[in-house]
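Here is the structure we will look at, set down as structure tokens.
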Amino acid sequence: MTDRDRNNIFVSETWLRWTGRTFNEEIKRGWFSAIYEDEREKTIERFFECFNERKNFTAEFRLMGSDGKVRWCLTEGKPYYDINGAFAGYAGSVADITELKSLEQRKDDFIKMASHELKTPITSINGYVQLLLNIYQDAEGEALQLSRNTVKSSLGTIAKQVVKLTRLISELLDLTKIESGKLDLNYTGFDLTEMVEEVVQDIRLTTSKHAIIVESNFEGMFYGDKDRLGQVLMNLINNAIKYSPEADSVEVYLEGDSKKASIQVRDHGIGIDKKDFTKIFERFYRAEGKAEQTYPGFGIGLFIASEIVHRHNGTIDVSSEKGKGSIFTVNLPRDFRQ
Ligand code: ADP
């Protein structure tokens with residue numbers, strides 16, 4: 001709060017905790033003093049302007065904590081009046097929006113990454129289509145003498161890029177479905193071991209370096225959304241392969257009893273820092289680091305996977321050691337509707 005001459009007359013407990021200063025110190029220096037230099041001048045200028053015109057004031061700025069912690073804050077201030085209606089000063093509130101800001105930043109990075117990831121396959125498809133068109137046009141009226149190999153490899157690349165695009169787009173669609181609460185599950189009974197084998201079989205077609213080893217002692221029927229759970233497994237195995245370029249195997253273990261099932265995917269790759277164990281399941285979160293930056297991705301696969309697992313009343317966890325590899329475990333009730 002300020003008085004009518006703009007002097008700071010009150011700051012709350014929380015503000016003092018954030019700035020690490022005493023009430024008297026803060027009153028003497030004024031509430032601006034803790035604001036990060038980059039935003040301070042502009043905030044003061046804007047506040048004075050609003051103050052002089054008795055307008056509502058809002059601003060975003062970083063606050064430097066005495067503990068070295070930087071907080072993004074959103075402040076809103078309004079003029080207040082005494083019982084006679086005379087202007088008495090400004091009263092404002094400050095909210096910590098650090099989390100929101102970092103989500104915003106992640107969303108921006110995501111949009112940058114998504115545009116890049118979508119553009120690359122399109123450029124490649126376009127290149128090969130042009131190549132095929134040129135060959136076709138050169139042949140003009142003559143009998144078309146296309147090299148079988150050129151056609152085959154061009155179409156092969158186009159097909160691969162289309163698969164990649166389709167996967168990216170369906171991840172984006174799933175994300176919007178989750179956000180609007182419209183991710184519907186298709187509940188059926190199915191053979192879980194068979195589903196795991198099918199997914200692994202599909203992945204084996206696209207990878208030559210890694211052997212995917214499956215061990216299962218699970219028997220009988222499982223109830224849930226077969227395609228969605230297949231998608232979870234596909235995501236975990238694809239990640240296991242992607243983040244272990246030096247390794248040559250990925251293991252999948254399937255266990256269970258009459259009540260539950262557990263699927264474990266193990267790799268021997270770059271691993272994950274402990275501080276990221278829960279974060280990687282959040283939207284747009286990608287572990288930072290020199291090594292991590294070289295892997296393409298959106299940071300939404302695990303978010304979608306964890307949503308699907310939670311919708312089945314299950315859990316998904318990771319344990320890992322940097323440089324040694326990671327283990328992702330999905331625990332599911334055998335029939336989540338019971
Ligand atoms: P992305 O598209 O970035 O791979 P995910 O949501 O699937 O998105 O994963 C989130 C982040 O978790 C990844 O960016 C990566 O940092 C980390 N991660 C996921 N799986 C693994 C793994 N098997 N090994 C190491 N890091 C992993």
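When a ligand or atom number is given, it counts from 1 through the structure's own listing order.
- Note: no N/O pair closer than 3.5 Å links Phe303 and ligand 1 by distance alone.
- Considering backbone and side-chain atoms together, Gly297 places no N or O closer than 3.5 Å to any N or O of ligand 1.
- Here Tyr223 and Phe336 keep their ring centres 6.0 angstrom or further from each other.
- Set against the non-hydrogen atoms of Ala287, the atoms of ligand 1 under 4.0 Å away are 14 (O), 16 (O).
- Listed by number with element, the atoms of ligand 1 under 4.0 Å from a non-hydrogen atom of Gly299 are 1 (P), 2 (O), 3 (O), 6 (O), 8 (O).
- No N or O atom of Ile272 sits closer than 3.5 Å to an N or O atom of ligand 1.
- The side-chain tip of Arg6 points at the ring of Phe48 from less than 6.0 angstrom away and within 45° of straight on.
- Atoms of ligand 1 found under 4.0 Å from any heavy atom of Lys242, numbered from 1 in the order shown, are 1 (P), 2 (O), 4 (O).
- Summarising the contacts of atom 19 (C) of ligand 1 with Ile304, Asp273, Asn239, Asp276, the nearest heavy atom is found in Asn239.
- Between Val309 and Asn331 the shortest heavy-atom distance is CG1-O, 4.4 Å.
- Of the candidates Phe110, Tyr285, Phe284, Tyr285 brings a heavy atom nearest to atom 11 (C) of ligand 1.
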Per-pair distances, 0.1 Å, donor-acceptor, side chain in residues 114-130, under 3.5 Å, sequence neighbours excluded:
unit_1, atom_1, unit_2, atom_2, d
Ser115, OG, Ile111, O, 2.4
Thr120, OG1, His116, O, 2.8
Thr123, OG1, Lys119, O, 2.7

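- Under the 4.0 Å criterion applied to side-chain N and carboxylate O atoms, Asp276 and Lys322 are not assigned as salt-bridge partners.
- Classification of the Phe47-Phe51 ring pair by plane angle, with boundaries at 30° and 60°, yields perpendicular.
- Of all the heavy atoms of Ser326, the ones lying under 4.0 Å from any atom of ligand 1 belong exclusively to the side chain.
- With ligand atoms numbered from 1 in the order given, ligand 1 contributes 25 (C) to contacts under 4.0 Å with heavy atoms of Gly271.
- Distances shorter than 4.0 angstrom do not occur between any heavy atom of Tyr295 and any atom of ligand 1.
- For Leu302, heavy-atom contacts with ligand 1 shorter than 4.0 Å involve the backbone as well as the side chain.
- Results of the ring pair (Phe, Tyr, Trp, His ring centres under 6.0 Å) test with Phe110 over Phe284, Tyr285, Phe303 single out Phe284 as the only residue that passes.
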Output side-chain donor-acceptor pairs under 3.5 Å for residues 82-91, partner residues at least two apart or in another chain, one line each.
unit_1, atom_1, unit_2, atom_2, d
Asp82, OD1, Asn84, N, 2.9
Asp82, OD1, Gly85, N, 3.1
Asp82, OD1, Ala86, N, 2.9
Tyr90, OH, Cys50, O, 3.0
Tyr90, OH, Lys55, N, 3.0
Tyr90, OH, Lys55, O, 2.6

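- Close contacts between ligand 1 and Ile280 involve ligand atoms 10 (C), 11 (C), 12 (O), 17 (C) [criterion: under 4.0 Å to a heavy atom].
- Using bins of under 30°, 30° to 60° and over 60° for the plane-to-plane angle, the ring pair Trp31/Phe61 lands in the tilted bin.
- Residue-ligand proximity, Ile300 to ligand 1, at heavy-atom distances under 4.0 Å covers atoms 6 (O), 8 (O).
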